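Notes follow once the structure below has been shown.
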Amino acid sequence: MPTVSVKRDLLFQALGRTYTDEEFDELCFEFGLELDEITSEKEIISKEQGNVKAAGASDVVLYKIDVPANRYDLLCLEGLVRGLQVFKERIKAPVYKRVMPDGKIQKLIITEETAKIRPFAVAAVLRNIKFTKDRYDSFIELQEKLHQNICRKRALVAIGTHDLDTLSGPFTYTAKRPSDIKFKPLNKTKEYTACELMNIYKTDNHLKHYLHIIENKPLYPVIYDSNGVVLSMPPIINGDHSRITVNTRNIFIECTGTDFTKAKIVLDIIVTMFSEYCENQFTVEAAEVVFPNGKSHTFPELAYRKEMVRADLINKKVGISLWFVHSFFRETPENLAKLLTRMYLKSEVIGDGNQIEIEIPPTRADIIHACDIVEDAAIAYGYNNIQMTLPKTYTIANQFPLNKLTELLRHDMAAAGFTEALTFALCSQEDIADKLGVDISATKAVHISNPKTAEFQVARTTLLPGLLKTIAANRKMPLPLKLFEISDIVIKDSNTDVGAKNYRHLCAVYYNKNPGFEIIHGLLDRIMQLLDVPPGEDKGGYVIKASEGPAFFPGRCAEIFARGQSVGKLGVLHPDVITKFELTMPCSSLEINVGPFL
Amino acid sequence: MADGQVAELLLRRLEASDGGLDSAELAAELGMEHQAVVGAVKSLQALGEVIEAELRSTKHWELTAEGEEIAREGSHEARVFRSIPPEGLAQSELMRLPSGKVGFSKAMSNKWIRVDKSAADGPRVFRVVDSMEDEVQRRLQLVRGGQAEKLGEKERSELRKRKLLAEVTLKTYWVSKGSAFSTSISKQETELSPEMISSGHLHPLLKVRSQFRQIFLEMGFTEMPTDNFIESSFWNFDALFQPQQHPARDQHDTFFLRDPAEALQLPMDYVQRVKRTHSQGGYGSQGYKYNWKLDEARKNLLRTHTTSASARALYRLAQKKPFTPVKYFSIDRVFRNETLDATHLAEFHQIEGVVADHGLTLGHLMGVLREFFTKLGITQLRFKPAYNPYTEPSMEVFSYHQGLKKWVEVGNSGVFRPEMLLPMGLPENVSVIAWGLSLERPTMIKYGINNIRELVGHKVNLQMVYDSPLCRLDAEPRPPPTQEAA
């Protein structure tokens, strides 16, 4: 969930009133936001870097507000204020207009070289904008928030904003060999080739995260003006030449990306948010983008879409009332339209009086289905005003048989004197292979491709390592230690749809000054008694047969057969295994597959 | 001979014996000190029921050192008598003999000798009789021969008064086999050992899991199968209408598999409907309008939520015609490739409840949540609008925490999106409400645990497991003891 940080006083000034922290917290909750933290720049710096560094920092109060991940229109102060003011019916939602310029339209021409690396671009112009320091900061911050969220860390979309007055169109979006791109980037004093820049930015804490997007590609994306000035090398850096400042009046915005839909949304959000500061409020100057196929499109789209939803559907989905029972409680279509309008969705009742026509503005890209409209109606109605009722759904409960058996077994394992452990399903290769004297290829384990540490290399194929590690962490406890676990292990299996299968295992260990083989064997007899499996090979009974395994002491291992199949092993652990798990005493163990006993 | 060896000898003799044996006799037979045998008996007694040992005390008469001398050499009076030649002996000379003083008066009273005080060179002693019987020596020899009982009480007491005899009490053991008789003996712990307290314990988190299962069952919810940690991206994300560029599908958040890297089978008809809904919309939806890739959906991963299992269950439900309403639940492990800290592990348990029926509303969801949380002992609830990719409307569930004096999030919930349900083939007027929470968090609150590693995994302190009380979710926590009570 993105967090937006705004200056409290600036926020209250824009809202036209002040709130206590509690009042504002309440407002946020109602609207689906969360006032996460009340802090200041000074406090943040002092927390992160100590009091000394914080000495000169501002102590203006900051509100950190958590915003739902799909509400890109609330990622800046301007959007938050607009949303809350409309919600509180203090203003009407502004109408965003795309206008044609008086003079020539700005053109961005996409060449076909971009196809393989970053094929899409959109553009727009904010004309006669008036920044202040706070507005300028908010403008930069919004781009950063968009980059981190909808733009997927610039992989899907990257934004470039430029001082139009320093450039001259038409612009060309193309892709070139890195060695052929040379320009002075933002915050540098001289020109570098793209190759050099990629090297320099390897140590840049901010930019290094984006290099992988184009690194190793033969061609890098780049935007030029008609004089060959580099506007930007997306998604890495803008040129210094066209950098915007507090004094910039005309802004050229380009968004390039691999996802056309998201590029259009991002552009719409930026221009709807900041056209507020244009001379003609909420108007945006169009730009023309010419695609490699020759077709040209005008942006921003700023599309308003109409949706039709029946009032009774909203009432029914929300359960504002069971309208057929006591219809006088249900919200009238007029009221529902009012509720929706408060959510920035201008609505009116049309047709037979039960139809509501809803206008989805370009800021609300999150509304893609009637269910999104229903939610907004419910929010405006107030979740906590909704009457709670119980569904009349009549059902008979069933347990999952494997879990039912597990529940029964674990209680009787404890009654048999063994204590339940709960260990991780993920572990290192070493745990299930080397330490047990087995080759990893023989384990049929599933392997994780992106583990951050060795602890998460594989899914366990046996419960034994987890129990032995539990003992190792509890060596100070009085002996003997008697542990068990009933849980799932995972084995590769090409007969399943995903190629792997869980097995429910029961594992028990006995750790003491003596190996206690007789105790583990006794436990097996007890488990079989509990499962109503008689001893002997007849009638699906159980037997143990001398066996061997690398984890066991030679001559002290037996395979367990029950219900006509091998279900597991028991025995005294090999001294090598004991040592590798950092244990110092003899240990015997038992591990069986519970599945065959269902 | 060490204690243990004597004990072993004793046990072996006892095994061969008929009924039992006497410690003193054994000592005599083995030619060792009786005390050594007694030591062995005592150490065997300490083992419990290995032997029975009955203490017997016997009294017998023993000669004193003087008595021994007399038995050997005769009584003092006899020695005096014998030292007197027929011509007599000067009394002064007689008194110088070792037995002189004592023997003279006794021999006098026995009338064995006489004194002639009129003799020329002083008093002279003469024999009166020619011979005598040394009755004292005879009696003492009888006692030495173990025949003290042949003497009369009076005679014995006379000898005792003369400090020639002493009555001695001998304590011996009559040893017989105990109920746990065995010739092999093992050393027992001297302290209370865990062996003696052999009860096992259930893990606190799984005790809480049992209670949650119980609550769902009480509410008529059927348990879904969740025994597949490995899931395809399709069931984990795509089927839930979670777009392929969603941050949760990032390598930083999800464990993907290297082997088996891809799901082998997907239900292709259904996959096509999902693809269309994502990339073009449909079922009343605009869709996400992006290039949906099958390769991405095939990627295997460790499921990031149990909602993937719910999706499978709902898909199976949709294939059954006609539709029958269901209530489902599951509690099982999920996996996140997250940064680990005191409250986050790479794996945790998710609790999930699902109801599918015609015409379910947000009010129904809230009603079910109220009943569910009431069973957990949580009665003060409120609901906050939220965003989840696959539910709309969505609501976070908050409860008022008395200790923290603020509202804390206790769960997340919502109505599954039509874009998820309709491609499965569920009827249009069927709504599915669902909610989820983690098992670890309520357990940590219940048992007062601050670091999740103290609760889950191999580093737990088993003492905590041994000591954890029953899980009674709806019971009021016991108030802390007051000063007066303490």
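Side chains are part of it too, since the values below use all heavy atoms of this structure and drop only hydrogens, waters and symmetry mates. Owing to the predicted nature of the structure, the values given are computational and were not obtained by experimental measurement. Chain naming here is simple, since letters A, B, ... match the order of the sequence lines and numbering starts at 1 in each.
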Side chain to side chain donor-acceptor pair (under 3.5 Å) evaluation trace for B:R249 with B:N236:
CA-CA 10 Å; B:R249 304 179 71 152; B:N236 196 78; over 6 Å; no

What option among [options] has the most heavy-atom pairs under 4.5 Å with chain A?
options                        : result
B:E218, B:H246, B:H358, B:E262 : B:H246
B:G367, B:P385, B:S210         : B:P385
B:P325, B:P389, B:G284         : B:G284
B:N291, B:L266, B:T226, B:D250 : B:D250
B:R213, B:M395, B:E231         : B:R213
B:V456, B:N337, B:V368, B:D357 : B:N337

Applying side chain to side chain donor-acceptor pair (under 3.5 Å), run through B:Q463 and B:D467 and close with a yes or a no.
CA-CA 6 Å; B:Q463 194 64 48; B:D467 294 345; 3.2 Å; yes

Salt bridge [X]-[Y], side-chain N to carboxylate O under 4.0 Å:
X      : Y      : result
A:D497 : B:R312 : yes
A:E375 : A:K317 : no
A:K469 : A:D431 : yes

Classify the side-chain pair A:R460/A:S487 by whether it contains a donor and acceptor separated by less than 3.5 Å.
yes

Between [X] and chain A, which part of the residue has a heavy atom less than 4.5 Å away: side chain, backbone, both or neither?
X      : value
B:E409 : neither
B:L205 : side chain
B:L365 : neither
B:E396 : side chain
B:W235 : side chain
B:L345 : side chain
B:V355 : side chain
B:F398 : side chain
B:R382 : both
B:S394 : both
B:N300 : side chain

Below 4.5 Å from any heavy atom of chain B, which atoms of [X] appear? Answer side chain, backbone, both or neither.
X      : answer
A:D259 : side chain
A:I471 : neither
A:T258 : neither

B:F372 and B:F216 aromatic ring geometry - parallel, tilted or perpendicular at 30°/60° bounds:
tilted

Step through the shown structure and confirm whether more than 12 heavy atoms of other residues, nucleotides or ligands are within 6.0 Å of NZ on A:K501.
no

Are there more than 12 heavy atoms of other residues, nucleotides or ligands under 6.0 Å from atom NZ of B:K459?
no

For the residue pair B:Y288 and B:F241, is the inter-centroid distance of their aromatic rings smaller than 6.0 Å?
yes

With a 4.5 Å heavy-atom cut-off, do A:H369 and B:E392 have their side chains touching?
no

Under the criterion ring-ring contact (aromatic ring centres under 6.0 Å, His included), which of B:F229, B:F348, B:F256 is the partner of B:F335?
B:F229

